[in-house]
Student: 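Sending over a structure as C-alpha cells; questions will come in a sec.
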Amino acid sequence: MGDKDKEWESHLRSLSSAARDSADPAADPSLLNSVKSLYELCKGEKSDELVARVYPLLNKIFHRRVASISQTQASSGLLLLAILQFFLDFGDIVLLDAEPSLRTFFRSCLSREFADPVVAEASLAFLSSNKTKLLKAFPTLFPQFFPLMLKLIAWNGEKLKNLFLSIFSGFISPGSFIPLFPALVDLPILVVALEKVERSSGSLVGSSIASIQKSAAPEMLLALMDEAYTGSMIGDGGADSESEDSAPMAAADPIFLDLLKDENEGLAERHWTSPAMASALQAVISTPLSNRLKEALKIAPQLLDSYFKLAVYDANDSLICALIPLIMARYSTLFPDKMFCYEVQKRLLEFMLSAFHRSPHFIALLKKPIVDRLGEAFDNPGKTELGLQLCWAIGEYGGGGESHKDAARELFESLELLLYENLSARLIHILSFSILGSRLGLGEAARGSGSSSFRKSSQSRLLCFVVTAIAKLATYHRELLPRARVSLAKVRTVARSRLSDARVWKRAQDYLGLMNEPAICLSVLGPSTSGKLTQHPGTINWNEGHKKMIAHIPFYIIGGQEGPPPHDFSILDILPTE
C-alpha cells in the first residue's frame, strides 16, 4: 500500500498542477498517464472518497482544456476522452450528468480533430466500449452527432470500418432515420467536400470547419450585394482571380455547408442543382480518384446494407413509407462512378420492393411520387430502370390492394397516359425518320439512328412492363377490364402499322387472349393470394396438397392413366414422391 500511496500522491500532484489557472493542461505530456492511472486506482480500490478527491481536479482540467482548444495546436482528444471515461464510470458517485461534457467534447474537440487518425480511432473505440451505457442514459446523443461520426469514417477510411459499424445501430432513431439515408448515400461527396476544404484551407487537423459554416451567411450576403451593385460575383475576377478551390463562395456553397455540418438538423433534402457541386464533381471524375475517395465508394454500400437491415427490424411503417419517396428521388442522383451507382441502386431497389411486398398499401399511399417517377422514366437509363420496377410493383400488388380502388384507378390512368404518349412519340419518330431517309438517303439516316438504338430497346422493355401492369391491374380490379382491352387493342393496332416493337405487340396480344378466359387470366395475371390464406381459382399450391380433399383435384391431372377416371384414388397417386 505504501507504493500505491506514493503513486497516488504523485499523480494527484500532477493533476493539481494542471488544474491551476497559470498552467496549460496541454503543456504536460505526462498528464494523460496520470489521468489513466488515477482512473485505474479508483476503479481498483472502489473507494468513493478517492473518486471525490479526483473528480474536482478532472472537471476543472476538462473545462480549461476545452476553453483553450482554439488557442493551441496541441491535440486534446486523448486527454478529454480519458476524463470522459472517468465521468461516465463514476458520475453516479459525484452526482454528475456526463451528457453536457460529452456534447462539449463533440462540438469543441472532435469537430477539430476528426482528421487525426489516433483521435478518430480512440473516439470510436470509446463510443463502442460504452455504447450500451450511452444509448441507455443519453439516447439522443448518437442520432444528434451522426454527421460528425460520418466524418471520422469518411476521412480515415476502411481501417475504422469495423469500429464504426459496431456503433452504427445507435445512429438510428425516429429523428435521424430519414436524414441518415442521404448522408450515407453522399459519403463520397462528403470526402470530396473535405478534400476541397483541405486544399483551400490547409490541414483539417486542428482547424474548425464549423467556422466556415458560421461565416457562410455574411459571405453569401456580401456576394449577393456585389452582384446587385456591380453585376459580378465574388471569385469572378477573370484570369487573376483565385482558383475554384480557394474561392470564398465555393466554400460557402449551401450544398457543401450541409455536407460539412456536425449535427443532425432533421433535414433530408439536398439540392443537387448547385453550380459548385456540379463543377466539383466534374473536376473529381476527370482526374484519378484519391485513395480516400475510393475507400468511401466501397464503404458506403456496406453502410447502406446495415442501414436497411436495421430499418426492417426497427423502423415503423410511417418512417419506411416516408423513406421510399426519398429513395426514388435519389435513385438516379448519385456520385458518378459506375460501380458505385450499380451497388447502391441495387440496394435501393431491393429495399423498396421488399417494403412494397411487406406493405402493399404503400403503393396507394405513395401514388403521387410513383406517378412522378413514371413520368420521368424515359429521361435516362437510371430512371428507366426505376420505372420498370415501379410498373412491376403496381401490377404485382394491384395498385395497393382491393381496398384501394381509387388509387389503383389513378395509377391505371397514369400507365395509360405513359403508354399513349410513347406510342405517339414513336409515330412522330418513324415519320421523321422516313422524311429524313428520303432527303438524305438511307445510309445517312441509318447512321443517324444508330445512337438511338439503345434508347429504343429500353423504351420497348419499359412498354412491356407497362402493358403487363395494365393487364394485371385490370385482372385485380375487374372494373378496369374494358379500359384495359381498349389500351391493349391500341397497342396491337399500332403494331400492325409497323410502328411498334414486336415484343410489345406480342405481349399485348397474349394478354388480350388471356382476358377472354377469366379463370385462366386470374391464374396467370392475378395475385397468388388474396389476404394471407385465400387462394384464387386455377392456382395450385402443391405444398398444401396433403391437406386437400380428393374432390378438389382436377381430373385432367390423371388424364394420362388408362381407363376411366377412378373415384377412389389416393392423393399419393398424384403427388410426386421423393
Side-chain angles (χ1 to χ4, degrees), residues 11-12 14-39 42 51-91 94-127 129-130 133-134 137-138 140-142 144-149 151-152 155 203-215 260-264:
H11 292 312
L12 206 59
S14 177
L15 260 63
S16 299
S17 175
R20 291 197 298 268
D21 293 340
S22 59
D24 181 6
D28 186 2
S30 63
L31 183 59
L32 176 60
N33 180 55
S34 296
V35 173
K36 290 184 176 180
S37 298
L38 288 173
Y39 168 80
C42 290
V51 173
R53 291 183 62 187
V54 174
Y55 165 70
L57 298 175
L58 290 181
N59 189 46
K60 191 171 184 179
I61 292 172
F62 182 88
H63 291 288
R64 288 192 62 244
R65 187 68 198 100
V66 168
S68 63
I69 283 179
S70 60
Q71 283 80 39
T72 178
Q73 294 295 323
S75 175
S76 307
L78 298 181
L79 174 62
L80 296 182
L81 284 171
I83 296 175
L84 285 173
Q85 189 65 62
F86 186 95
F87 289 171
L88 279 180
D89 289 347
F90 303 113
V94 296
L95 302 179
L96 170 68
D97 180 9
E99 186 172 13
S101 299
L102 288 165
R103 295 181 183 275
T104 299
F105 169 74
F106 288 143
R107 289 170 175 155
S108 301
C109 178
L110 193 57
S111 63
R112 292 174 175 270
E113 299 185 20
F114 69 88
D116 186 331
V118 177
V119 174
E121 184 173 6
S123 299
L124 289 179
F126 168 81
L127 296 175
S129 60
N130 296 283
K133 183 183 298 183
L134 291 171
F138 320 116
T140 63
L141 189 68
F142 279 50
Q144 180 178 350
F145 288 97
F146 79 77
L148 179 57
M149 299 298 107
K151 287 183 182 179
L152 297 179
W155 194 254
S203 175
L204 297 181
V205 179
S207 62
S208 177
I209 297 181
S211 63
I212 300 175
Q213 297 171 312
K214 292 179 181 178
S215 64
L260 296 171
K261 65 184 180 183
D262 291 332
E263 299 183 42
N264 170 30

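Only a predicted model underlies this, so the values are computations on that prediction, with no experimental measurement involved.
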Student: Would you say the side chain of Phe86 lies within less than 4.5 Å of the side chain of Cys42, judging by non-hydrogen atoms?
Tutor: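 Yes; the side chains approach each other to less than 4.5 Å.
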Student: Please give me the minimum heavy-atom distance between Lys133 and Leu88, naming the atom from each residue.
Tutor: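 Between these two residues, the closest heavy atoms are NZ-O, 3.8 Å.
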Student: Pair Phe138, Asp97 - check side chain to side chain contact (heavy atoms under 4.5 Å, CB included), show working.
Tutor: CA-CA 10 Å; Phe138 320 116; Asp97 180 9; 3.4 Å; yes
Student: CG/Leu148 to CZ/Phe106 distance, rounded to the nearest 0.5 angstrom?
Tutor: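 Reported value, rounded in 0.5 Å steps: 7.0 Å.
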Student: Looking only at heavy atoms, which two atoms of Leu260 and Lys151 are closest? And how far apart?
Tutor: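 Nearest pair, atom of Leu260 first, then Lys151: O-NZ, 2.6 Å.
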Student: Report the distance from atom CZ of Phe142 to atom CE of Met149, rounding to the nearest 0.5 Å.
Tutor: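 Phe142 atom CZ to Met149 atom CE measures 8.0 Å (nearest 0.5 Å).
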Student: The test is side chain to side chain contact (heavy atoms under 4.5 Å, CB included); show your working for Arg112 and Leu204 and say whether it passes.
Tutor: CA-CA 7 Å; Arg112 292 174 175 270; Leu204 297 181; over 6 Å; no
Student: Between Phe105 and Val66, is any pair of side-chain heavy atoms under 4.5 Å apart?
Tutor: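 Not in contact.
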Student: In Å and rounded to the nearest 0.5 Å, what is the CG to OG distance from Leu32 to Ser37?
Tutor: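 Output value for this atom pair is 9.0 Å.
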Student: Heavy atoms only: give me the nearest Phe62-Ser101 pair and the separation to one decimal.
Tutor: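 In terms of heavy atoms, the two residues are closest at CZ-O, 3.5 Å.
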Student: Does any non-hydrogen side-chain atom of Leu38 lie less than 4.5 Å from one of Leu58?
Tutor: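 Leu58 does not reach Leu38 side chain to side chain.
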Student: List the residues meeting side-chain hydrogen bond (donor to acceptor under 3.5 Å, both in side chains) with Glu121, not counting sequence neighbours, and say none if there are none.
Tutor: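 So Glu121 forms no side-chain hydrogen bond (donor to acceptor under 3.5 Å, both in side chains) with any residue.
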Student: When you measure from the side chain of Glu113 to the backbone of Gly77, do you find a donor-acceptor pair of N or O atoms at a distance under 3.5 Å?
Tutor: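 Confirmed, Glu113 side chain pairs with Gly77 backbone.
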Student: Determine whether Asp89 and Gln85 make a side-chain contact, defined as any pair of heavy atoms from C-beta on separated by less than 4.5 Å.
Tutor: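 Contact flag for Asp89/Gln85 side chains = yes.
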Student: Measure the spacing between CG of Leu31 and CG of Leu15 and express it to the nearest 0.5 Å.
Tutor: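 Interatomic distance, Leu31 CG to Leu15 CG, rounded to 0.5 Å: 6.0 Å.
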Student: Side chain of Asn130, backbone of Phe126: donor and acceptor closer than 3.5 Å?
Tutor: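 At least one qualifying donor-acceptor pair exists.
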Student: State, yes or no, whether a side-chain contact exists between Asp116 and Trp155 at a heavy-atom distance under 4.5 Å.
Tutor: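 Not touching, per the 4.5 Å side-chain cut-off.
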Student: So how far is it from Leu110 CG to Leu152 CG, rounded to the nearest 0.5 Å?
Tutor: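 Between Leu110 CG and Leu152 CG, I get 5.0 Å after rounding to 0.5 Å.
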Student: What distance separates Arg107 CZ from Leu102 CG, expressed to the nearest 0.5 Å?
Tutor: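 Between Arg107 CZ and Leu102 CG, I get 11.0 Å after rounding to 0.5 Å.
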Student: For the residue pair Arg65 / Ser68, report whether a side-chain donor-acceptor contact shorter than 3.5 Å exists.
Tutor: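 Their side chains do contain a donor-acceptor pair, which is all the 3.5 Å distance test asks for.
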Student: Can you tell me if Lys261 uses its side chain to pair, donor with acceptor, with the backbone of Pro147 under 3.5 Å?
Tutor: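 No; judged by distance alone, with no hydrogens or angles, the pair does not exist.
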Student: May I ask you to test the Val54-Val35 pair for a side-chain heavy-atom distance under 4.5 Å?
Tutor: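 With C-beta onward as the side chain, the pair stays apart.
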Student: Are the aromatic rings of Tyr55 and Phe87 close, with centres under 6.0 Å apart?
Tutor: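 Yes, ring centres under 6.0 Å apart.
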